Number of protein chains: 2
Amino acid sequence: MREAITLKKIAETLNISISTVSRALKNHPDISIKTRQKVNELATALDYEPNAYAIQLRTNKSNIFGLIVPSVSLFFYDSFISSVEEECRKSGYSLIILQTSDNPETELDSLRLCRQNRVSGIFICLSPETKNIEPFLKLPKQDIPLIFFDKVPDEENTNRVSHADAQAARLAAEVLLEKNKKNILAIFGNADMSITKRRLNSFSEFMHQKGAGIKVTYVNANNAQEANDCTKKYISAKKKPDAIFCMSDEILTGTMKAIQKAGIKIPQEMGILTMSNGFIPGLYHPEVDFVETSGFKLGKLAFTQMMACVNGTKLNQELTVDCTYISGSSL
Amino acid sequence: MREAITLKKIAETLNISISTVSRALKNHPDISIKTRQKVNELATALDYEPNAYAIQLRTNKSNIFGLIVPSVSLFFYDSFISSVEEECRKSGYSLIILQTSDNPETELDSLRLCRQNRVSGIFICLSPETKNIEPFLKLPKQDIPLIFFDKVPDEENTNRVSHADAQAARLAAEVLLEKNKKNILAIFGNADMSITKRRLNSFSEFMHQKGAGIKVTYVNANNAQEANDCTKKYISAKKKPDAIFCMSDEILTGTMKAIQKAGIKIPQEMGILTMSNGFIPGLYHPEVDFVETSGFKLGKLAFTQMMACVNGTKLNQELTVDCTYISGSSL
DNA sequence: ATCGTTTGCGAAACTGTTTGCAGTGGAAAA
DNA sequence: TTTTCCACTGCAAACAGTTTCGCAAACGAT
């Protein structure tokens, strides 16, 4: 094992003191230009890089954020991560990524890892299984900023970023109304998740208020397969729905499978509307209309809020990304 | 800013020395059970976590790997990352993720960050633009294990993991032969990438040897749009191909767009075969046949090779994941 | 009473970097 | 000659944790 290059090694090689080397590398005016040149040359030759651990130990600041997510490779998380990493890089931070597989225990392990690494802040998307969020709420008290994203808890006085779920679901309902749909199958996700509740409540509230004469059937599906199953059931009924609303990409993929298998023509026989970042809707033909919920935008917002916290601003509120309707050819 | 909990703080509170606290927390037999209990209680109450930086500084080992990738949110990378993270977690490592956007400069920045963080090893998928890989080849000389994955360079004496591209492309060609296709449009990726060369060479070699009477048209497409364009061109020709082979998911999405738009029936009018991890092919109806190139498997293999390096075994060879044909309904 | 062993704990060194302070020379000013 | 000043450089402490070494005190055996 070759030892790493340190200030000490450079100092010994040049027969000067460590502090001189340190200052020379930072172009400190105290050090003579001759010495600075010598030091810089040797440092470059040896590929010297300062030891982040020593700096972090000294300053008690880490320049690393932790990002805890159910899975990297699931629908929208990748784009969120991509977006946050990009912002981190711009601001000189790095990102440690931890997956929980929706397991609350693993979530706590990840939290511990973040704490051991003295991260400057944590982004977390809670798993639906997590009931006790106390360990997370403790963090801000220890001056570790915490940003909940996407699946945020209801607790007030926390930093949360999410899509404007209510607005987005309402927008979806408006679009369906405008397109004159009269018999809608609306498929939502896991009934326990607050994101589901908010989307469902807003959607149904709007339909109650303005949707006179419209029949809406509400269903919960926990995954793509369940979405597939219930779509199959409803489209083979006598009175088929004339439109299906899917709350998410995951549900859309299940639903589309059933529709394509049944050979139903879109949009002639049935309309489709989903909520998505647009990638999956764009794969189908015709391209599926969607209310855009962008992981990229959410990531940028989350990072902005994180930086505010790091800089001492205590927001402790929920910020949301507004959603827009992107027209496809499926309605 | 509340100060973090340290051994020192616990020691002062209990009026004992730091070393006693350290030993007590590790259940060192030297320390009396009474003292151990006192210390453990207080540590738990204060949510003490050892400072990873202090440990890493002393031991010069980091328990962190760096993973450098063009983009987190692009086709197969998410599943690779997911897989590597999972393995890291199991082995007590963490993962810093860095995106390069296929920019060689950003690649070098990421490398520097990894070095500053004294990562225990680096996984990297080079961007196609990168011509000079010298900075990366230096790493192993400094005892920083380096694993190239997916888009690996040709250099011998490096650790590489990739799909068995030649075997996979040959398998694809075999399948097309078996299905009795006679006029094949084969769309490959960026002509500069070694992964493209290997797949193309193997595919065409097989066709030359065994594909008597089969017409194969080879095309390169740099992205989904180009794949779409060239598919459109060839399927509107007088003598349509009876099968299209896509080298990757990215190409498949472009190709499928053109096929669906043209209303061509699959598999009756045209067969489709792609190389993929299976997610995207499964979205279409009928589901697209593919030769499986799994990011998950590749991630596991990469991690295995990394651990071998960390443990001092110098492999310096290319390992490959064998690919299998997964039958869909598109051939 | 003396010696050896065990128990329980503390002091100090070590990791790499930064930084305030304290020199050390040499030259110029008095 | 002496004082002052300046340009340059080194010393040492601090960050948090681990580890080595060794010191006391207590206890039993001789």
Side-chain angles (χ1 to χ4, degrees), chain A residues 1-40 42-43 46-64 112-113 115-120 142-143, chain B residues 1-40 42-43 46-64 115-120 142-143:
Chain A
M1 171 73 100
R2 180 177 308 209
E3 311 133 59
I5 309 300
T6 67
L7 292 184
K8 190 175 170 187
K9 183 147 295 174
I10 296 178
E12 282 169 1
T13 307
L14 296 177
N15 264 320
I16 54 181
S17 79
I18 294 174
S19 39
T20 303
V21 177
S22 174
R23 277 183 276 238
L25 285 173
K26 318 204 118 173
N27 273 316
H28 194 288
D30 266 11
I31 308 299
S32 69
I33 294 186
K34 237 192 287 177
T35 311
R36 274 190 252 173
Q37 279 180 341
K38 268 199 305 182
V39 171
N40 277 303
L42 185 59
L46 297 179
D47 279 325
Y48 169 79
E49 290 292 345
N51 187 322
Y53 296 128
I55 296 170
Q56 285 154 352
L57 176 60
R58 221 182 158 281
T59 59
N60 213 8
K61 289 193 175 176
S62 71
N63 282 354
I64 292 192
R112 186 168 328 119
L113 270 172
R115 288 169 49 87
Q116 287 180 1
N117 280 290
R118 298 293 189 268
V119 295
S120 298
Q142 295 163 11
D143 276 310
Chain B
M1 171 74 101
R2 180 177 307 211
E3 312 132 60
I5 309 300
T6 67
L7 290 185
K8 190 177 174 186
K9 183 147 297 177
I10 295 178
E12 282 169 3
T13 308
L14 295 178
N15 263 321
I16 53 180
S17 80
I18 295 175
S19 39
T20 304
V21 178
S22 174
R23 277 181 280 231
L25 287 173
K26 317 201 118 176
N27 274 316
H28 195 286
D30 266 10
I31 309 299
S32 70
I33 293 184
K34 240 191 286 179
T35 311
R36 273 190 254 174
Q37 278 180 342
K38 270 198 303 181
V39 172
N40 277 302
L42 186 60
L46 296 179
D47 279 326
Y48 168 79
E49 290 291 346
N51 186 322
Y53 297 129
I55 298 169
Q56 285 154 352
L57 176 59
R58 223 184 100 72
T59 58
N60 214 5
K61 290 196 173 174
S62 71
N63 282 353
I64 292 191
R115 287 169 49 88
Q116 287 179 1
N117 280 289
R118 298 294 190 267
V119 295
S120 299
Q142 294 161 12
D143 276 311

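In this text the structure is predicted, and so the values were computed from the model without any measurement. Naming convention: chains lettered A, B, ... in sequence-line order (proteins, then strands); numbering from 1 in each chain.
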Take A:L7 and A:L25 through the side chain to side chain contact (heavy atoms under 4.5 Å, CB included) test and state the conclusion after the steps.
CA-CA 10 Å; A:L7 292 184; A:L25 285 173; 3.6 Å; yes

One pair to check against side chain to side chain contact (heavy atoms under 4.5 Å, CB included): B:T20 and B:L14. What are the steps and the verdict?
CA-CA 10 Å; B:T20 304; B:L14 295 178; over 6 Å; no

Would you please test B:E49 and A:R118 for side chain to side chain contact (heavy atoms under 4.5 Å, CB included) and show each step?
CA-CA 9 Å; B:E49 290 291 346; A:R118 298 293 189 268; 4.1 Å; yes

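Computed from coordinates, the A:I31 CD1 to D:dA7 P distance equals 13 Å when rounded to whole Å. Taking atom NZ of residue B:K26 and atom C1' of nucleotide D:dA16, one finds them 13 Å apart after rounding to whole Å. At whole-Å resolution of the value, CG in B:L7 and P in D:dT19 are 12 Å apart. Here the C1' atom of nucleotide C:dC14 and the NZ atom of B:K61 are 16 Å apart, to the nearest Å.
B:A54 approaches A:L57 most closely through the heavy-atom pair CB-CD1, 4.0 Å.
Across C:dG16, D:dT9, D:dG10, the shortest atom-to-atom separation from the side chain of A:N51 is found for C:dG16. When distances run from any side-chain atom of B:K8 to the nucleotides D:dT18, D:dC15, C:dT18, the shortest one goes to D:dC15. Distances were taken from every side-chain heavy atom of A:S19 (C-beta onward) to each of D:dA12, D:dA16, D:dT18; the shortest belongs to D:dA12.
In this structure, the separation between CD1 on A:I64 and CD on A:Q56 is 5.5 Å, given to the nearest 0.5 Å.
Axis angle across the helix from C:dA1-D:dT30 to C:dA30-D:dT1, with five pairs used at each end and values rounded to 10°: 80°.
When the side-chain nitrogen and oxygen atoms of B:Y53 are compared with OP1 and OP2 of C:dT17, none of them lie within a distance under 4.0 Å. Proximity of B:T6 to the phosphate of D:dA16: no side-chain N or O atom is located under 4.0 Å from OP1 or OP2. Taking 4.0 angstrom as the limit, B:T35 places a side-chain polar atom (N or O) nearer than this to OP1 or OP2 of C:dC9. Close to D:dG10, at under 4.0 Å from its OP1 or OP2, lies a side-chain N or O of A:T20.
Within the nucleic acid shown, A:T59 has no heavy atom closer than 4.0 Å to any nucleic acid atom. Nucleic acid contact for B:I18: base, since at least one base atom lies under 4.0 Å from a heavy atom of the residue.
Between the side chain of A:R58 and the base of C:dT17, a donor-acceptor pair under 3.5 Å is found. A donor-acceptor contact under 3.5 Å is not formed by the side chain of B:R23 with the base of C:dT7.
A donor-acceptor pair is defined here as one N or O able to donate and one able to accept, closer than 3.5 Å; such a pair exists between the side chain of A:T13 and the backbone of A:K9.
Of the two residues contacting DNA chain D, namely B:D30 and B:A54, the nearest-nucleotide position lying further toward the 5' end is that of B:A54. Heavy-atom distances to DNA chain D give each of B:E49 and B:H28 a nearest nucleotide, and the one nearer the 5′ end belongs to B:E49.
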